[in-house]
Amino acid sequence: MTSIRDLIRIYDLDPKKSLGQNFLIDESHLARVVAGADLKLEDTVLEIGPGFGVLTQRLVAKAGRVIAVELDDRLITILRAQFVTNPKVTIVHGDILAFDPAELIADAQASNPQSSISTPQAYKVVANLPYYITSAVIRHLLEAAQPPRLAVLMVQKEVAERICAEPGDMSLLAVSVQFYARPKIVHHVPASAFYPRPKVDSAVLRLDVLPERPVPDIAADQFFRVARAGFSQKRKQLLNTISAGLHLAKPNVADLLERAGIDPKRRAETLSIAEWGQLCRVLGAAPEAEQVATI
Ligand code: SAM
């Protein structure tokens, strides 16, 4: 098989840093990314940033259909030529953040209904992500009207670790992901597995989207209004961050936190998703907090 270095030379294509173009060149890591998605022939896969199509080829060998979204127009020509004879692959040109993922899948199925028996609701995402949009892509997928069933994503190692954090080390990113999905690091990937070699190590992160939210009675916008307030000032006690972030008097906040079973001296990074949920419930039931919600 032609190597990535050869392809770059043949097509005279300078990898663009601005598009996060670090191509995966290590066969064993490519195989492990694919294995992480437990693909079956009835699966539809959305791939973000197929690059030269190296991962795409391996995905299509295991899945029923692959829809691959690539932003770089230089690569689109190469990808279209490579997959033109394969009805299981649809190449889409554009920015993943500008598309509704489920619509992409429905459109691809409508244009070629024979090539898969999967339904748009049950798609999986597999991607060696361009790191400059990691958080935005994860948010885009998890907040979509029809999120994927699971996502297997190559991301920067530190980001994967932050997302998988437990109470004590939580961040707004970890809370935002764990509200929707169960994250797990599948394996670590050294910088040497990519060309050009990035400055950071990577990890394959698997997100299993939860069939039911951990706090099903709390609306996402209410949950994140409170969580954002909690994380608004680094390393400050919840008494201060909630009071400043939600414009509530400190004695009221102390009382609300205690009613939620949370010590007002604790910091946002120590709270579990269930505790944020409990705080939202208490705030939702308190008249002083209700007034804030309408400001
Ligand atoms: N999948 C290939 C691989 O594993 O070698 C390439 C991965 S490379 C890290 C990221 C890819 O995402 C590049 O091909 C880049 O052009 C593409 N890309 C960057 N920004 C994008 C965006 N907003 N939407 C879709 N693709 C994007």
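In each ligand, atom 1 is the first atom listed, and ligand 1 is the first ligand listed. Because only heavy atoms are used, hydrogens play no part in the values below, and waters and symmetry mates are left out as well, while side chains stay in. Since we're looking at a predicted model, the values are computed, not measured.
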Aromatic ring pairing His187/His29, orientation class (parallel under 30°, perpendicular over 60°, tilted between): parallel
Salt-bridge contact Asp6-Arg9 (side-chain N to carboxylate O under 4.0 Å): yes
Amino acids contacting ligand 1, non-hydrogen cut-off under 4.0 Å: Leu19, Gly20, Gln21, Asn22, Phe23, Leu24, Glu47, Gly49, Pro50, Gly51, Val69, Glu70, Leu71, Asp72, Leu75, Gly94, Asp95, Ile96, Asn128, Leu129, Pro130, Tyr132, Ile133
Residues Asp221, Arg225: salt bridge by 4.0 Å N-O rule: no
Any residue meeting salt bridge (charged side-chain N to carboxylate O under 4.0 Å, His left out) with Arg74, in chain and number order, not counting sequence neighbours: Asp72
Presence of salt bridge, Asp217 and Arg281, under 4.0 angstrom: yes
Check: Arg206 side chain, Gly36 main-chain N or O, donor-acceptor pair, under 3.5 Å: yes
